[in-house]
Amino acid sequence: MYNLCILVSLALFIGLVHSFDWDIVVGKSRELEFYYNGALTHTEEIRSANQIHTISYDPVNYRVLMVDYTYPNVSISSFDLTTRKIQPLLMRDANGYYNARVVFEPVTQLFFRKNDPYIYSSKLSPASSDIVDETLLVKLDHVCLDIAVDSCGGYIYWITHHTIERARLNGSGREVLIEDKVYDRRSLTVDQQTQKIYWTEKVHESTNSMIFIKSANLDGKNITILYTVGNDIYATSLAVTKDFIYWQQFTDMGIFQLPKSPSQKKPRKLISTYISTCVYCRRVATNYRIEEQIQGIQNCEGAQAAKTSTITNHRTFCKNLSLVL
Ligand SMILES: *[C@@H]1O[C@H](CO)[C@@H](O)[C@H](O)[C@H]1NC(C)=O
Ligand SMILES: *[C@@H]1O[C@H](CO)[C@@H](O)[C@H](O)[C@H]1NC(C)=O
Ligand SMILES: *[C@@H]1O[C@H](CO)[C@@H](O)[C@H](O)[C@H]1NC(C)=O
Ligand SMILES: *[C@@H]1O[C@H](CO)[C@@H](O)[C@H](O)[C@H]1NC(C)=O
């Protein structure tokens with residue numbers, strides 16, 4: 001941890017980190033596009049990729065994680081913003097599933113990887129380019145569209161068409177938080193700052209279907225409609241920053257931005273872009289710094305009960321990180 005802080009401060013010192021500004025990154029088939037306030041600030045060509053299906057951001061190590069899917073293979077690689085290097089993390093896995101996902105969890109330093117019908121945790125490293133110490137955490141009952149971690153509380157969340165569920169980071173204590181006859185749920189994210197989960201869902205109303213952006217407390221209670229998208233094919237790739245919620249729409253092609261605080265009722269079409277019609281992909285990730293995520297959060301959900309050293313470590317680590325920054 002301490003070494004990492006030194007590395008980070010060194011990198012900052014020599015000006016390698018944040019050499020271009022960005023608040024969201026968009027994965028295209030073989031490119032990452034970085035945007036700041038809706039303007040393109042950097043394009044990175046990912047030559048080794050065939051079809052980037054999923055991206056996520058690891059704000060501790062400043063890297064974009066990419067899941068590349070070309071039937072029947074899935075591979076995972078990272079683009080390191082400090083070194084500008086692309087590193088393979090998992091080589092071709094011929095049993096890949098088209099909606100595979102990967103997220104990095106800072107407290108355990110593990111990758112949480114979903115390849116239907118399983119969620120695993122593992123230590124993927126550039127050195128091995130293969131699966132090391134993989135643990136099978138959850139066998140899913142339904143097709144799973146997205147996963148997210150709650151580092152403070154120590155949970156992995158996942159979303160299926162009809163449910164939102166969670167389990168401890170070791171797979172124990174599995175619980176269904178939300179279950180109903182919603183037609184389709186697609187994208188999920190956890191926000192430490194607001195202590196909420198956010199997701200997109202599609203509801204059939206007679207001949208019409210309606211899309212919603214919703215939120216709830218981390219225990220699934222207090223479900224709130226944040227925005228009614230209306231009629232679209234899907235809303236996917238939901239992601240948050242300190243102030244905003246982002247998602248991708250298909251009929252009204254583009255990436256949309258809505259303030260987290262319900263001050264503004266209409267979203268802004270931030271980027272008018274054709275990403276592809278891939279409705280199970282997750283191709284938007286946000287630059288949401290750890291210190292922004294935990295700023296002012298005194299009691300994380302579950303912290304009192306757990307009081308584990310990892311949570312304390314996480315807090316100290318993040319405090320250290322914000323001191324450095
Ligand atoms: C999938 O992986 C196998 C084994 O590594 C490889 O032989 C094959 O060419 C790959 N297929 C595609 C479409 O990338
Ligand atoms: C799994 O994690 C929870 C919460 O951190 C802990 O209480 C439990 O003992 C762990 N279970 C195992 C089998 O390690
Ligand atoms: C329920 O959610 C709304 C909107 O996010 C929030 O303003 C309110 O404080 C929440 N209520 C409870 C009891 O958590
Ligand atoms: C935070 O920094 C202090 C002093 O620099 C160090 O002793 C401690 O190990 C660090 N903690 C973590 C979790 O990085």
Side-chain angles (χ1 to χ4, degrees), residues 29-30 46-53 66-77 88-98 100 105-110 112 115 119-121 128-131 133-138 149-157 164 166-175 177-178 188-200 212-228 238 240 242-245 258-265 296-297 299-315:
S29 57
R30 299 181 67 196
I46 311 295
R47 284 206 189 86
S48 53
N50 285 316
Q51 272 295 327
I52 299 170
H53 268 203
M66 302 172 280
V67 178
D68 190 34
Y69 178 75
T70 311
Y71 175 84
N73 298 333
V74 165
S75 63
I76 298 171
S77 56
L89 293 170
L90 174 66
M91 301 299 271
R92 300 283 163 193
D93 170 358
N95 299 314
Y97 199 59
Y98 66 92
E105 200 288 301
V107 175
T108 56
Q109 300 273 308
L110 293 172
F112 287 80
N115 189 25
I119 298 174
Y120 307 92
S121 67
S128 64
S129 294
D130 212 339
I131 298 167
D133 294 341
E134 184 167 74
T135 309
L136 172 60
L137 297 180
V138 174
V149 289
D150 167 11
S151 291
C152 261
Y155 286 99
I156 169 100
Y157 283 74
I164 295 177
R166 74 176 177 186
R168 288 290 180 179
L169 293 176
N170 60 13
S172 73
R174 181 173 173 175
E175 52 186 325
L177 302 176
I178 295 172
L188 170 80
T189 197
V190 171
D191 187 0
Q192 307 279 281
Q193 182 55 233
T194 56
Q195 297 281 290
K196 296 227 178 251
I197 47 177
Y198 296 84
W199 71 94
T200 66
F212 298 98
I213 314 288
K214 291 193 176 180
S215 75
N217 297 351
L218 293 172
D219 60 4
K221 304 224 162 69
N222 192 19
I223 298 175
T224 308
I225 297 174
L226 292 178
Y227 181 63
T228 305
L238 191 73
V240 292
K242 185 163 77 67
D243 302 311
F244 298 104
I245 304 167
L258 186 74
K260 272 201 273 191
S261 63
S263 55
Q264 179 189 326
K265 291 273 174 275
I297 301 299
N299 289 302
C300 296
E301 173 101 352
Q304 242 139 10
K307 273 199 185 117
T308 58
S309 61
T310 44
I311 289 171
T312 318
N313 259 338
H314 183 43
R315 291 248 178 83

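We count ligands from 1, going down the list as the structure has it; atoms in each ligand are counted the same way. Values below: all heavy atoms of this structure, side chains included; hydrogens, waters and symmetry mates excluded.
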Peer 1: Just by modelled atom types, is the Ser75 backbone N or O under 3.5 Å from a matching donor or acceptor in the Asp68 side chain?
Peer 2: no
Peer 1: Describe, in one word, how the ring planes of His53 and Tyr69 are oriented to each other, choosing from parallel (under 30°), tilted (30 to 60°) and perpendicular (over 60°).
Peer 2: tilted
Peer 1: Say whether, by atom type as modelled, one donor and one acceptor occur between the side chain of Gln192 and the main chain of Cys152 under 3.5 angstrom.
Peer 2: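 The answer is yes, because a donor-acceptor pair under 3.5 Å joins these two groups.
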Peer 1: Could you tell me if any non-hydrogen atom of Gly154 lies under 4.0 Å from any atom of ligand 2?
Peer 2: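 So Gly154 does not count as touching ligand 2.
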Peer 1: Got a salt bridge between Asp150 and Arg166, using NZ or NE/NH1/NH2 to carboxylate O under 4.0 Å?
Peer 2: no
Peer 1: What are the atoms of ligand 1, with element, lying closer than 4.0 Å to any heavy atom of Tyr71?
Peer 2: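 Here the atoms of ligand 1 in question are 13 (C).
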Peer 1: Give a yes or no on this: more than 12 heavy atoms of other residues, nucleotides or ligands lie within 6.0 Å of atom NZ of Lys242.
Peer 2: no
Peer 1: Go through ligand 1 atom by atom and flag the ones less than 4.0 Å from a non-hydrogen atom of Asn73.
Peer 2: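 So the atoms of ligand 1 that pass are 1 (C), 2 (O), 3 (C), 8 (C), 10 (C), 11 (N), 12 (C), 14 (O).
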Peer 1: If we ignore hydrogens and angles and just use 3.5 Å, is the side chain of Asp191 paired with the main-chain N or O of Gln193 as donor and acceptor?
Peer 2: yes
Peer 1: Could you list which atoms of ligand 2 come closer than 4.0 Å to a heavy atom of Asn170?
Peer 2: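 So the atoms of ligand 2 that pass are 1 (C), 2 (O), 3 (C), 8 (C), 10 (C), 11 (N), 12 (C), 14 (O).
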Peer 1: Contact residues of ligand 3 with a heavy-atom cut-off of under 4.0 Å?
Peer 2: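 Contacts of ligand 3 under 4.0 Å: Lys196, Asn217, Asn222, Thr224.
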Peer 1: Go through ligand 2 atom by atom and flag the ones less than 4.0 Å from a non-hydrogen atom of Ser172.
Peer 2: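 Reading through ligand 2 atom by atom, the close ones are 1 (C), 2 (O).
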Peer 1: Taking all atoms of both residues into account, what is the closest heavy-atom pair of Leu218 and Tyr157, and its distance?
Peer 2: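 What the structure gives for the nearest pair is O-OH, 2.7 Å.
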Peer 1: Determine whether a donor-acceptor pair (N or O, by modelled atom type, separation under 3.5 Å) exists between the side chain of Thr224 and the backbone of Asn222.
Peer 2: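 Yes, the answer is positive, given that a donor and an acceptor are paired below the 3.5 Å cut-off.
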